[in-house]
Amino acid sequence: MGRAPSGSGGGPAMLRIQTVLALSTQEAIGKAQRAGDLAQLSIPDVVIERPKSADWGDYATAVCLALARDARLAPIEIARRVVQHFPAVDFVGSVSVAPPGFINWTLDTGWLQRQVDEVLQTGEHYADVDLGHGRRVQVEYGSANPTGPLHMGFGRNVVLGDGIANVLAAAGYQVQREYYVNDAGTQMGLFAQTLYARYAQALGEDVPVPDQGYMGQYMIDWGREIADQYGRQFLGIPREEAVDRLKQIGLHEKVLTNVRADCLALGIHYHLWFHETTLYQQGQFEKVMSILKENGLLVQREGATWFAASHHDPALKDEVVVRSNGLPGYFASDIAYHYNKLVERGFDWVIDVWGADHQGHVPRMMAMMRGLGLDPARLTLVLYQLVTIKQGGEDIRLSKRAGTLVYLSELIREVGADAVRFTLLSRAADSQMEFDVDLAKEQSDRNPVYYVQYAHARMASLLREAEERGFSGQDANVQLLVHPAEITLIRKMVELGEVIEKAAVNLAPHHLTYYAQELATIFTLFYRDCRVLPRKTGETGASAQETAARLQLVRAAQVILARTLRLMGMGTPESM
RNA sequence: GCCCCAGUAGCUCAACGGAUAGAGCAACGGCCUUCUAAGCCGUCGGUUGGGGGUUCGAGUCCCUCCUGGGGCGCCA
């Protein structure tokens with residue numbers, strides 16, 4: 001699976017902390033060598049990590065452990081010598097060495113305090129990172145066969161895709177969000193045939209549903225609705241024409257209306273709904289066929305036209321592009337569509353979000369890229385493992401054709417949009433997830449999503465009351481923020497940029513959900529330990545200056561938490 | 001049979017090849033005359049599916065076996 005092409009990092013104003021630490025460490029190693037403290041040997045990549053325990057510090061590197069063998073020196077001794085040559089860095093409060101040879105850094109308290117003002121001045125873009133340098137990336141997600149309402153499984157698709165898009169946008173990419181409407185082909189035909197049958201049946205006609213048709217109750221409902229709205233008119237015209245009309249009505253008035261509503265409920269907004277049929281109307285299909293033909297990658301066999309994937313890689317199987325019935329298959333559309341994305345529209349990078357049931361397509365998609373003369377690195381296929389559903393203690397197999405579905409809309413209605421987003425986002429794409437619908441409904445109150453939002457509501461409530469009581473926080477001196485709970489909160493706030501970077505580089509927005517919980521927890525501890533507003537009646541509590549400084553801290557924390565919630569596509573409630 | 005993904009606490013899941021494997025939920029015991037108790041504190045919980053290997057160091061990489069999910073269509 002692809003990763004974001006890595007940039008040199010660093011926001012417009014400042015280099016990332018980790019970059020500075022890595023460069024400084026290399027510098028220190030070099031100085032140690034020149035001073036004769038360390039043997040001349042090649043310096044490995046300096047990887048800066050966040051230590052597991054906060055006791056170690058804020059950042060660490062294990063590079064001295066890797067140096068030990070060649071340097072023929074105990075790693076801890078190497079670390080001691082390197083640290084002596086470490087240059088002064090404004091955000092570093094202290095450097096220390098720990099067995100077996102780690103170098104640990106702690107952020108400077110004054111620098112941390114200043115970040116409060118920094119956040120308030122910069123606003124929610126404080127945490128932005130610039131990996132993308134404005135490169136144009138298209139993220140295509142959703143894209144379910146438009147033959148029925150979205151089911152729960154596609155919830156994971158849209159939530160993951162939207163999360164990736166959000167995170168890339170925060171990481172300096174110019175992001176286009178797109179939904180591919182698969183409105184050509186066999187499945188769409190079956191859908192139309194089924195809808196025609198249900199429509200006719202609603203009007204008392206005995207028209208059977210086709211063998212491979214869509215058996216869900218929703219088709220019966222839609223047939224009935226169309227019968228109610230349009231009457232018998234489609235029974236009076238040639239059947240082929242009627243099926244075609246119903247296809248359009250079903251697609252636009254039923255399926256897409258439904259899908260749009262679900263996306264709207266989840267707060268997902270696409271830039272473009274791209275229709276497969278336009279690939280055949282606007283020449284992309286013809287174009288890619290001629291390119292592939294020129295490149296000698298099309299072969300005729302058994303009455304069909306095949307893409308010779310085996311030409312570049314003998315391990316691959318050839319793939320039918322145009323079927324023996326003369327109709328292009330889905331792969332033809334995929335080729336034309338990606339030609340449109342990468343060549344005609346010129347996206348630097350294209351990301352498709354697919355369920356694991358499509359994993360077999362990945363090799364041939366990459367073969368297609370080579371076949372079109374495109375760099376395969378410009379296409380990333382993000383696969384997520386399918387969601388399995390448990391309901392009533394039983395595992396349910398989801399199938400649109402069989403009609404055994406838990407609809408996304410139903411889930412949103414019963415569990416709530418924010419809980420759906422958070423839950424579906426909180427697992428790594430590679431992880432199979434079992435969604436217990438009953439449990440999700442029962443436990444909605446205890447879902448961590450509410451904990452996170454509650455922290456935001458609490459901030460808002462606190463700031464409201466501060467305003468009512470006339471505390472502004474103006475002229476605050478952030479240097480008064482010295483309580484461990486305050487400093488810990490700021491530390492966590494500063495981390496958001498790294499979380500965004502990690503999520504963007506790995507196309508793994510699930511990191512946001514964990515960060516959000518940590519931030520909410522740490523804020524709640526601050527709230528417990530640090531009184532912000534003076535008590536109304538009592539004589540104890542915060543001093544006026546403390547109140548001002550803490551109000552600024554709460555404001556800044558709210559900026560960070562709200563940003564995190566928005567990156568996850570969730571609401572930022574002012575009260576709960 | 002071949003290919004892809006996974007297997008971590010009772011459950012659902014985290015953990016750039018680094019230090020003592022972490023959360024939430026569940027269970028048990030405490031805490032509201034106070035800026036929101038959708039909260040806080042404490043307890044319980046693990047031979048990271050089994051076995052080999054690579055490495056200074058493995059939940060993470062390699063091999064193998066087991067289990068689960070998904071592929072291997074002129075459907076998408």
Side-chain angles (χ1 to χ4, degrees), chain A residues 1 18 47-53 55-56 60-62 65-66 68-69 75 98-102 104 143-145 147 182 185-188 190 212 276 301-306 315 317 319-325 327 329-331 333-334 355-363 383-386 388 401 423 426-436 439-440 443-451 453-455 457-458 460-466 469 502 505-506 510-511 513-514 517-518 521 524-525 527-528 530-538 540-542 547 550 554 575-576:
Chain A
M1 199 169 302
Q18 280 151 316
V47 178
I48 305 296
E49 59 193 62
R50 303 284 314 207
K52 235 167 223 156
S53 165
D55 296 342
W56 314 132
T61 183
L65 296 171
R69 198 209 308 196
F102 287 94
N104 293 322
S143 308
N145 243 358
T147 53
N182 237 271
T186 307
Q187 294 304 323
M188 203 55 207
L190 279 167
Q212 297 291 310
E276 181 184 8
R301 194 192 306 152
E302 298 157 30
T305 305
W306 300 67
K317 295 198 312 187
E319 190 68 18
V320 167
V321 183
V322 181
R323 296 182 276 168
S324 54
N325 62 8
L327 298 174
Y330 65 91
F331 188 52
S333 298
D334 277 345
D357 54 338
H358 286 64
Q359 36 121 323
H361 302 194
V362 173
L383 300 177
Y384 60 92
Q385 296 300 309
L386 267 30
T388 55
R401 272 205 291 255
T423 305
S426 64
R427 274 77 163 173
D430 270 345
S431 134
Q432 276 171 235
M433 62 184 287
E434 175 156 296
F435 199 101
D436 188 323
L439 202 63
Q443 294 189 341
S444 59
D445 280 12
R446 298 198 198 97
N447 192 310
V449 66
Y450 296 104
Y451 181 81
Q453 291 187 313
Y454 189 67
R458 197 171 237 174
S461 154
L462 220 163
L463 294 172
R464 258 196 318 272
E465 174 149 349
R469 290 170 59 186
K502 182 160 54 163
V505 167
N506 298 306
H510 72 276
H511 292 300
T513 64
Y514 291 89
Q517 289 178 78
E518 290 162 14
T521 299
T524 304
L525 296 182
Y527 179 84
R528 180 195 66 189
C530 296
R531 182 85 204 175
V532 177
L533 300 174
R535 290 166 202 274
K536 284 175 191 163
T537 50
T540 57
T547 291
R550 286 175 176 171
V554 172
S575 66
M576 285 174 75

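In what follows, chains are A, B, ... by sequence order, proteins preceding strands, each numbered from 1. Any value given below was found using the heavy atoms of this structure, including those in side chains, with hydrogens, waters and symmetry copies removed.
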Nearest-angstrom distance, [atom1] atom, [N] to [M]:
{"N": "B:U43", "M": "B:C61", "atom1": "P", "value": "34 Å"}
{"N": "B:U48", "M": "B:U8", "atom1": "P", "value": "12 Å"}
{"N": "B:A21", "M": "B:G59", "atom1": "C1'", "value": "8 Å"}
{"N": "B:C63", "M": "B:C4", "atom1": "P", "value": "10 Å"}
{"N": "B:G46", "M": "B:C62", "atom1": "C1'", "value": "25 Å"}
{"N": "B:A9", "M": "B:G45", "atom1": "P", "value": "15 Å"}
{"N": "B:U36", "M": "B:G29", "atom1": "P", "value": "30 Å"}
{"N": "B:A15", "M": "B:G24", "atom1": "C1'", "value": "15 Å"}

Does the side chain of [X] get closer than 4.0 angstrom to OP1 or OP2 of [N] through an N or O atom?
{"X": "A:Y451", "N": "B:C40", "value": "yes"}
{"X": "A:R458", "N": "B:A38", "value": "no"}
{"X": "A:S431", "N": "B:A14", "value": "yes"}

Using a heavy-atom cut-off of under 4.0 Å over every strand shown, decide if [X] touches base, sugar-phosphate, or nothing.
{"X": "A:H510", "value": "sugar-phosphate"}
{"X": "A:T521", "value": "nothing"}
{"X": "A:T186", "value": "sugar-phosphate"}
{"X": "A:M433", "value": "sugar-phosphate"}
{"X": "A:H511", "value": "sugar-phosphate"}
{"X": "A:A466", "value": "nothing"}
{"X": "A:A62", "value": "base"}
{"X": "A:L327", "value": "nothing"}
{"X": "A:Q453", "value": "nothing"}
{"X": "A:K502", "value": "nothing"}
{"X": "A:P51", "value": "base"}

As a test of reading the structure: which of [options] is closest to the side chain of [X], going by heavy atoms?
{"X": "A:T524", "options": "B:C5, B:C40, B:C35", "value": "B:C40"}
{"X": "A:R528", "options": "B:G18, B:C40, B:C5", "value": "B:C40"}
{"X": "A:R69", "options": "B:A19, B:U55, B:A14", "value": "B:U55"}
{"X": "A:Y454", "options": "B:G24, B:A37, B:A76", "value": "B:A37"}

List in chain and number order the residues that pass ring-ring contact (aromatic ring centres under 6.0 Å, His included) with [X], two or more places apart in sequence or in another chain; answer none if no residue qualifies.
{"X": "A:F331", "result": "A:F307"}
{"X": "A:Y330", "result": "A:H361"}
{"X": "A:H511", "result": "none"}

Legend entry - RNA chain B base-pair string [pairs: Watson-Crick or G-U under 3.5 Å; |: paired with another strand]: (((((((..((((....[...)))).(((((.......))))).....(((((..]....))))))))))))....
Legend entry - For atom CD of A:Q385 and atom P of B:C4, their distance in whole Å: 13 Å
Legend entry - Between B:C4 (P) and A:Q432 (CD): distance, integer Å: 16 Å
Inset, instruction - State whether the aromatic ring of A:F102 stacks on the base of B:A19, taking stacking to mean ring centres under 5.5 Å apart and ring planes under 30° to each other. - result: yes
Hey, is the side chain of [X] pairing donor to acceptor with the base of [N] inside 3.5 Å?
{"X": "A:N104", "N": "B:A19", "result": "yes"}
{"X": "A:Y527", "N": "B:U36", "result": "no"}
{"X": "A:S461", "N": "B:C35", "result": "no"}

Legend entry - Contact pattern, 5' to 3', of nucleotides 26-33 of chain B - B, S or - by protein heavy atom under 4.0 Å: S-------
Protein-nucleotides 1-3 of chain B N/O pairs under 3.5 Å:
none

